[in-house]
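Below: one structure, written as structure tokens.
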Amino acid sequence: DDEDRGAPVLEEAELNKLVDGFKTKTLYVIVAVGALTGMRRGEIAGLKWSDFDPESKTLRITRSLEYTAEAGLQFKVPKSKRGRRTITIDDGLVGLLLKEKEKHLRIAAGVPATADVDLSLIKLPAEAMIFPSPDGTLTTPRHPSGITTMFGKYAPKLGFPGAQFKSLRASHGTLLLDKGVPVHVVATRLGHDPVILLKHYAKRTRKSDQNAAAVIAQLSRNLT
């Protein structure tokens with residue numbers, strides 16, 4: 001699983017700055033999902049509203065959207081059982097997704113954003129995408145390469161010329177490890193093999209070793 005190998009990793013403050021910088025862009029919620037879940041680009045593009053449970057605050061990952069010259073756009077099941085997972089998300093991201101869903105409900109109902117309507121009476125199509133194509137219907141998938149292109153266009157303008165979309169995933173995983181989240185927990189969240197996670201991420205993070213040194217220093221003080 002080398003899809004985020006070599007991606008520049010951002011510090012926590014940098015990641016927050018990058019996400020905030022996209023607030024005025026149509027890619028904002030996609031970038032927020034990438035930064036706050038560590039999901040792969042294809043997994044994000046493959047999300048349907050049926051995968052989002054605001055009550056349990058979870059996103060279910062059961063497919064990925066991929067493009068090949070031979071087959072075009074198509075959904076694929078994860079290569080391994082690790083890839084099929086349900087991850088917990090925070091209240092802020094739940095709120096962002098609910099606002100996005102409200103926009104889609106209004107589109108489905110054919111009413112403007114200012115109209116006072118009972119959206120609970122509106123139903124989205126069963127196959128409605130969370131991030132549909134801007135040029136299609138609510139069930140038309142958004143091309144993953146378009147996400148990469150738009151991210152690559154705006155990230156440098158925000159002061160991150162080297163950042164790639166997969167930097168969101170790499171930074172998410174590294175940040176969790178730096179915060180002391182156990183490797184197996186981070187691996188499960190990312191759909192990674194723990195061995196591969198250690199191989200690729202351990203050389204990126206130095207804070208965990210610094211944290212370990214601080215703990216040892218505290219122990220040594222207790223001994224004197």
(message) Hydrophobic clustering (ILVMFWY, side-chain heavy atoms < 4.5 Å, transitive) - are Met39 and Ile196 grouped together?
(response) no

(request) Take Arg189 and Val185, measure what side chain to side chain contact (heavy atoms under 4.5 Å, CB included) needs, and give me the verdict at the end. (result) CA-CA 6 Å; Arg189 184 172 180 85; Val185 175; 5.7 Å; no

(message) In the structure I gave you, are the side-chain heavy atoms of Ile89 and Leu36 within less than 4.5 Å of one another anywhere?
(response) no

(request) Please answer whether the main-chain N or O of Lys48 pairs with a side-chain N or O of Asp51 as donor and acceptor at a distance below 3.5 Å. (result) yes

(message) Using only atom types and a distance under 3.5 Å, with no angle test, would you say the side chain of Arg169 pairs donor to acceptor with the backbone of Leu190?
(response) yes

(request) Decide side chain to side chain donor-acceptor pair (under 3.5 Å) for Ser120 and Asp118; before the verdict, give the C-alpha distance in whole Å, the side-chain angles of both, and the deciding distance to 0.1 Å. (result) CA-CA 5 Å; Ser120 66; Asp118 185 356; 2.5 Å; yes

(request) Look at the side chain of Glu43 and the backbone N and O of Arg40, then say whether any donor-acceptor pair between them is shorter than 3.5 Å. (result) yes

(message) What's the separation between atom NZ in Lys23 and atom CG in Asp20, rounded to the nearest 0.5 Å?
(response) 4.5 Å

(request) Quick one: do Leu98 and Phe52 satisfy side chain to side chain contact (heavy atoms under 4.5 Å, CB included)? Show the steps, please. (result) CA-CA 9 Å; Leu98 286 175; Phe52 172 50; 3.8 Å; yes

(request) Report yes or no: do Leu138 and Val117 belong to one cluster of Ile/Leu/Val/Met/Phe/Trp/Tyr joined by side chain heavy-atom distances under 4.5 Å? (result) yes

(request) Identify the two heavy atoms, one from Ala71 and one from Thr68, that lie closest to each other, and give their separation to 0.1 Å. (result) N-OG1, 3.1 Å

(request) Would you name the heavy atoms of His104 and Ile130 that are closest together and state the gap between them? (result) CE1-O, 3.1 Å

(request) Measure the shortest side-chain to side-chain distance between Thr188 and Arg85 over non-hydrogen atoms and say whether it is less than 4.5 angstrom. (result) no

(message) Can a donor-acceptor pair be found, under 3.5 Å and without considering hydrogens, that links the side chain of Thr140 to the backbone of Thr137?
(response) yes

(request) Side-chain contact test, heavy atoms from C-beta onward, threshold under 4.5 Å: evaluate it for Leu168 versus Leu18 and give yes or no. (result) yes

(request) Identify whether Tyr67 and Leu27 are in the same connected component of the hydrophobic contact network (ILVMFWY, side-chain heavy atoms under 4.5 Å). (result) no

(request) Decide yes or no for Pro8 and Gln164: does some side-chain heavy atom of the first lie under 4.5 Å from some side-chain heavy atom of the second? (result) yes

(message) When you group the ILVMFWY residues by side-chain heavy-atom contacts below 4.5 Å and let the links chain together, are Leu65 and Leu97 in the same group?
(response) no

(message) Could you report the tightest heavy-atom contact between Ala32 and Leu96, atom names first, then the distance?
(response) CB-CD1, 3.8 Å

(message) As an exercise, state the distance from CG of Leu15 to CD of Glu11, rounded to the nearest 0.5 Å.
(response) 10.0 Å

(request) Please report the C-alpha distance between Glu102 and Leu119 in whole Å, then the side-chain angles of each, then the deciding distance to 0.1 Å, and finally whether the side chain to side chain contact (heavy atoms under 4.5 Å, CB included) criterion is met. (result) CA-CA 8 Å; Glu102 179 178 327; Leu119 294 177; 3.3 Å; yes

(message) One thing to verify: whether Arg60 and Asp53 come together as a salt bridge, which I'm taking to mean a side-chain N less than 4.0 angstrom from a carboxylate O.
(response) no

(request) Identify whether the distance between the nearest side-chain nitrogen and carboxylate oxygen of Glu14 and Lys17 falls below 4.0 Å. (result) no

(request) Give the C-alpha distance, both sets of side-chain angles, the deciding distance and a yes or no for side chain to side chain donor-acceptor pair (under 3.5 Å) between Thr148 and Arg41. (result) CA-CA 8 Å; Thr148 301; Arg41 181 192 66 173; 2.6 Å; yes

(message) Is it the case that the side chain of His192 and the backbone of Leu197 share a donor-acceptor pair, with hydrogens and angles ignored and the cut-off at 3.5 Å?
(response) no

(message) If we ignore hydrogens and angles and just use 3.5 Å, is the side chain of Ser171 paired with the main-chain N or O of Leu10 as donor and acceptor?
(response) yes

(message) Taking Phe131's backbone N and O only, do any of them form a donor-acceptor pair with Arg142's side chain (distance below 3.5 Å, no angle check)?
(response) no

(request) With rounding to the nearest 0.5 Å, note down the distance linking CE in Met150 to CZ in Phe22. (result) 9.0 Å

(request) Give a yes or no on whether Val33 and Leu176 share a hydrophobic cluster (residues Ile, Leu, Val, Met, Phe, Trp, Tyr; joining criterion: side-chain heavy atoms under 4.5 Å apart). (result) no

(message) Nearest 0.5 Å, please: how far is CZ in Phe165 from CD1 in Ile147?
(response) 5.5 Å

(request) For the residue pair Lys101 and Leu124, establish whether any side-chain heavy-atom pair is separated by less than 4.5 Å. (result) yes

(message) Please check this pair: side chain of Arg82 against backbone of Ser80, looking for a donor-acceptor N/O pair closer than 3.5 Å.
(response) no

(request) Determine, for Asp90 against Lys57, whether the closest basic-nitrogen to carboxylate-oxygen distance falls under 4.0 angstrom. (result) no

(message) So Phe75 and Pro141, do their side chains get closer than 4.5 Å, heavy atoms only?
(response) yes

(request) Test Met129 against Leu47 for side chain to side chain contact (heavy atoms under 4.5 Å, CB included), laying out the working first. (result) CA-CA 6 Å; Met129 308 299 299; Leu47 284 173; over 6 Å; no

(request) Could you tell me which non-hydrogen atom of Ala108 sits nearest to which non-hydrogen atom of Ile122, and how far apart they are? (result) CB-CG2, 4.1 Å

(request) Kindly compute the distance separating CG (Leu59) from OG1 (Thr88), expressed to the nearest 0.5 Å. (result) 9.5 Å

(request) Please confirm whether the backbone N or O of Ala163 pairs with a side-chain atom of Ser167, one donor and one acceptor, at under 3.5 Å? (result) no

(message) For the backbone of Pro112 and the side chain of Arg106, can you confirm whether one donor and one acceptor N or O come within less than 3.5 Å of each other?
(response) yes

(request) For residues Ser64 and Gly42, report the shortest heavy-atom separation together with the two atoms involved. (result) OG-C, 3.3 Å

(request) Kindly compute the distance separating OH (Tyr28) from CD (Glu100), expressed to the nearest 0.5 Å. (result) 11.0 Å

